[in-house]
Amino acid sequence: MKSRAETLQQIEGGKFDVCVIGGGATGAGCALDAQLRGLHTVLVEAGDYASATSSSSTKLVHGGVRYLQQAVADLDVGQYRVVQRALHERRLMLDNAPYLAHPLELLVPCYSRKEALYYSVGMKMYDWIAGKGNLFPSKHRSVADSVKRMPMLKPDRLVGTVAYGDGQFDDARYGMALIQSFSDAGGEAVNYARVVQLGKDARGRLNQAEIEDVITHRRFNLQARAFINATGPFSDCIRGMAKPGITPRLRLSKGVHILLPLDKEDTKDAILIPETDDGRVIFAIPWLGRFLVGTTDDEAEHDDEMIVTKKEAEYLLRHLNRYIVSPLRVDQIVSAFAGVRPLVKSKSALDTKKLIRDHEVEMEQQSGLISVLGGKCTTHRAMAEDGVDMTLGYLGKPLIPCCTGHHKLHGAEGYGPEFWRLLVSEFSVTPSTAQHLAEKFGTASLRVLEIAKQDSRYASPIVQGLPYIQAEVVYSVRQEMAMTIEDVLARRIGLQLFSWAASIKAAPVVGSLMSQQLGWSAEETNQEVEQYVQKISRLMTAIGQVPETA
Ligand SMILES: Cc1cc2nc3c(=O)[nH]c(=O)nc-3n(C[C@H](O)[C@H](O)[C@H](O)COP(=O)(O)OP(=O)(O)OC[C@H]3O[C@@H](n4cnc5c(N)ncnc54)[C@H](O)[C@@H]3O)c2cc1C
């Protein structure tokens, strides 16, 4: 991918067919689709790619068993179709980036024969709706079998589990792979570039955006014939720019996750806790060496700070601890994150838990703004397809068929489950570093390791004892537009999710590597490190932990 400076030069004053606003899963999906259909496309993202909702998900590629349950309970055909479409998309997501998305077995603990029958029938229905895209058939597992697969599961009163398949993925890296693929297809993407104003032609049609470079605060314009609003929770703000006073369409709902240590022996599978005290489901999932537990669902406001509170963490642990042998405590939490769901409003549902996770593509008739609203990560490709179909119609172009359904993403070409072994043999890295690189970068990890080969200092670990190496930081800056320490640690390499404490240790190393690449002064570097450490310390304090540096 081109550098940010080069991209800014290209887009400043540029003329495009389409400008996509927002670089989360939806925006990146729309940009890739539009560019592949021959539309000259630019994407502008106010923060880092996938830095908002698209890196705060439960990391499931799923149809949603809870939504199926709701569809059956309410005899709701709309809800059923949402599940069906998401299950179709699940297969495509897994196929298009197998290094980032793969099947996962989930167990639903059952405490009576009636419950076991209920979930068995429900999951068979889930398999049936998935049709050819089913990952593996659901089945009943005996208590012994369940506990063998998940030794941490409490056997008391258990009559067995119902095991079913869904997908799991690395959401932040998936977003980056979409952006890289868009760039490979000839599109222009820039992060830290916020749309501050939209301009119109004499007929009142949008034709221009004023962009603020969030890093330098410089402003510039670009022109486009169509604008796609893919700003997730911020969509109503962009709709308001196109038509002041427009009725808001979204309701926001906050969801939090915590990460806990996970021994390889603890579990192979995830647990679905089917009923919380407030009628939700909670997932507890092995994810990149940790146990990821979430989520909550509480009405939120735009300006709410995305932190996980001690109360929210205790809520998740209280429910999880009912199912596991050794109860987990708040002080064992190694990391956490929070995000807001952009849910499309419904007149009938008063509660955010009941809102359908469907998407909607809307065109504002006067200005022509196309907004892709709602949905979930799993359906980002279908949302983009609908959004770009509408864009082609708006531009008066023939409906060129969408081709993202079978478009391998950046890093997926030539990838297979044993790919990491090649990294060990060709570059003599440890198996754990090779597996980590393959899971994060796919075949692009060859380019990461080329950096380490050219300068052996970059082969060193970022933090002793962990598989992350310094070349990843250099690659993230050179090839993936990482601009802050958080961009690297939270989204490019994921160390922040693995451990807050380790990411505080890593900050000075990452800061120093970034300063060499981006030409920061010593003062700028110290300030960046300090700000990052303060942010992580604040997150730890909010959850009731004492940061080592405080
Ligand atoms: C707790 C939780 C759990 C979830 N779990 C799952 C799951 O397991 N599986 C699943 O499939 N989905 C899940 N989802 C849903 C999924 O994460 C979201 O639907 C999806 O990430 C939304 O992507 P988006 O691109 O629409 O929005 P976002 O990722 O929020 O992207 C919008 C982007 O627009 C940018 N932006 C805003 N204003 C401007 C501007 N003026 N100029 C330029 N850019 C701007 C923002 O910076 C942001 O990056 C979950 C969501 C939450 C909150």
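Heavy-atom basis, side chains included; hydrogens, waters and symmetry copies ignored. One-based numbering along the sequence shown.
- Judged by distance alone, the side chain of Ser57 and the main-chain N or O of Ser54 form no donor-acceptor pair under 3.5 Å.
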Where do Arg290 and Leu497 land on the side-chain contact (heavy atoms from CB on, under 4.5 Å) test, with the steps shown first? CA-CA 9 Å; Arg290 294 303 198 200; Leu497 267 63; over 6 Å; no
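- The aromatic rings of Phe169 and Tyr174 lie perpendicular to each other, with more than 60° between the two planes, well past the 30° mark.
- Note: Lys59 NZ to Ile285 CD1 = 10.0 Å, rounded to the nearest 0.5 Å.
- Classification of Lys139 and Glu105 as a salt-bridged pair fails, no side-chain N sitting under 4.0 Å from a carboxylate O.
- Residues Tyr67 and Val82 form no side-chain contact, since every pair of their non-hydrogen atoms from C-beta on lies 4.5 Å or further apart.
- Tyr49 meets the ring-ring contact (aromatic ring centres under 6.0 Å, His included) test with no other residue; sequence neighbours excluded.
- Side-chain contact between Leu317 and Leu260 is present, with heavy atoms from C-beta onward closer than 4.5 Å.
- The shortest distance between side-chain heavy atoms of Arg381 and Leu178 does not fall below 4.5 Å.
- For Thr296 (side chain) and Val256 (main-chain N/O), a donor-acceptor pair under 3.5 Å exists by modelled atom type.
- Distance alone, capped at 3.5 Å, places no donor-acceptor pair between the Lys268 side chain and the Pro286 backbone.
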After noting the C-alpha distance and the side-chain angles of Arg491 and Ser51, does the key distance pass the side-chain contact (heavy atoms from CB on, under 4.5 Å) rule? CA-CA 8 Å; Arg491 290 172 289 278; Ser51 57; 3.7 Å; yes
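- Under the 3.5 Å distance criterion, with hydrogens and angles disregarded, no donor-acceptor pair is assigned to the side chains of Ser112 and Glu115.
- Looking only at distances, a side-chain donor or acceptor of Asp487 sits under 3.5 Å from a matching main-chain atom of Thr484.
- Annotation: the span from Met125 atom CE to Ser120 atom OG amounts to 14.0 Å, rounded to 0.5 Å.
- The shortest distance between side-chain heavy atoms of Leu288 and Lys440 falls below 4.5 Å.
- To the nearest 0.5 Å, atom CG of residue Leu68 and atom OH of residue Tyr126 are 8.0 Å apart.
- Counted by atom type alone, Asp278 and Thr276 present one or more donor-acceptor pairs between their side chains at under 3.5 Å.
- Within the model, atoms SG of Cys377 and NE2 of His380 stand 8.0 Å from one another, a figure rounded to the nearest 0.5 Å.
- Note that the CD1 atom of Ile462 and the CD1 atom of Ile493 stand 3.5 Å from one another [nearest 0.5 Å].
- Here the closest non-hydrogen pair linking Val424 and Ala434 is CG2-CB, 3.5 Å.
- Side-chain contact check for Thr378 versus Val61: some heavy-atom pair is nearer than 4.5 Å.
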Step-by-step side-chain contact (heavy atoms from CB on, under 4.5 Å) determination, Arg538 to Glu305: CA-CA 11 Å; Arg538 214 172 56 244; Glu305 202 186 355; 2.9 Å; yes
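- The closest donor-acceptor contact from the side chain of Asp145 to the backbone of Ser142 lies at 3.5 Å or more, if one exists at all.
- In the displayed structure, Glu418 atom CD is contacted under 6.0 Å by more than 12 heavy atoms of other residues, nucleotides or ligands.
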Run the salt bridge (charged side-chain N to carboxylate O under 4.0 Å, His left out) check on Arg85 and Asp358 step by step: do they pass? CA-CA 10 Å; Arg85 192 165 191 192; Asp358 198 4; 5.9 Å; no
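- Formation of a donor-acceptor pair under 3.5 Å by the Asn191 side chain with backbone atoms of Met481 is found in this model.
- Side-chain atoms of Arg173 and Glu480, non-hydrogen and from C-beta on, do get closer than 4.5 Å to each other.
- Side-chain contact between Val108 and Thr161 is absent, with no heavy-atom pair separated by less than 4.5 Å.
- Heavy-atom minimum distance, Leu135 versus Gly167: CD1-N, 3.8 Å.
- The side-chain heavy atoms of Thr541 and Pro547, taken from C-beta on, include a pair separated by under 4.5 Å.
- Atom-to-atom distance recorded for Phe441:CZ and Leu100:CG is 10.0 Å, nearest 0.5 angstrom.
- Minimum heavy-atom separation, Ala412 to Thr443: N-OG1, 4.1 Å.
- A donor-acceptor pair is defined here as one N or O able to donate and one able to accept, closer than 3.5 Å; no such pair exists between the side chain of Asp269 and the backbone of Leu107.
- Smallest separation of non-hydrogen atoms from Ile543 and Val330: O-CG1, 3.2 Å.
- When only modelled atom types and interatomic distance are considered, Tyr315 and Asp277 share no side-chain donor-acceptor pair under 3.5 Å.
- Between Gln69 and Tyr118, the shortest heavy-atom distance links the atoms NE2-OH, 3.2 Å.
- Counting only distance, with no hydrogens or angles, the side chain of Glu472 and the backbone of Ile469 share a donor-acceptor pair below 3.5 Å.
- Although no hydrogens or angles enter the test, the distance criterion places no donor-acceptor pair under 3.5 Å between the side chain of Lys310 and the main chain of Gln545.
- Of all non-hydrogen atoms in Pro103 and Phe136, the two that sit nearest each other are CB-CE2, 4.1 Å.
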Report the C-alpha distance between Val474 and Gln470 in whole Å, list the side-chain angles of each, state the deciding distance to 0.1 Å, and finish with yes or no for side-chain contact (heavy atoms from CB on, under 4.5 Å). CA-CA 7 Å; Val474 178; Gln470 297 188 11; 5.8 Å; no
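- By the neighbour-count criterion of 12 heavy atoms within 6.0 Å, atom NZ of Lys124 is densely surrounded, having more than that number from other residues, nucleotides or ligands.
- Each of Leu259, Val334, Leu466, Val463 was scored for a side chain to side chain contact (heavy atoms under 4.5 Å, CB included) with Phe498, with one residue passing: Leu466.
- In this structure, Gln168 contributes its side chain and Trp287 its backbone to no donor-acceptor pair below 3.5 Å.
- A donor-acceptor pair shorter than 3.5 Å can be found between the side chains of Thr58 and His257.
- A 6.0 Å sphere centred on NZ of Lys154 holds more than 12 heavy atoms belonging to other residues, nucleotides or ligands.
- Under the rule for a side chain to side chain donor-acceptor pair (under 3.5 Å), the partners of Asp331 that lie at least two apart in sequence or sit in another chain are Arg329.
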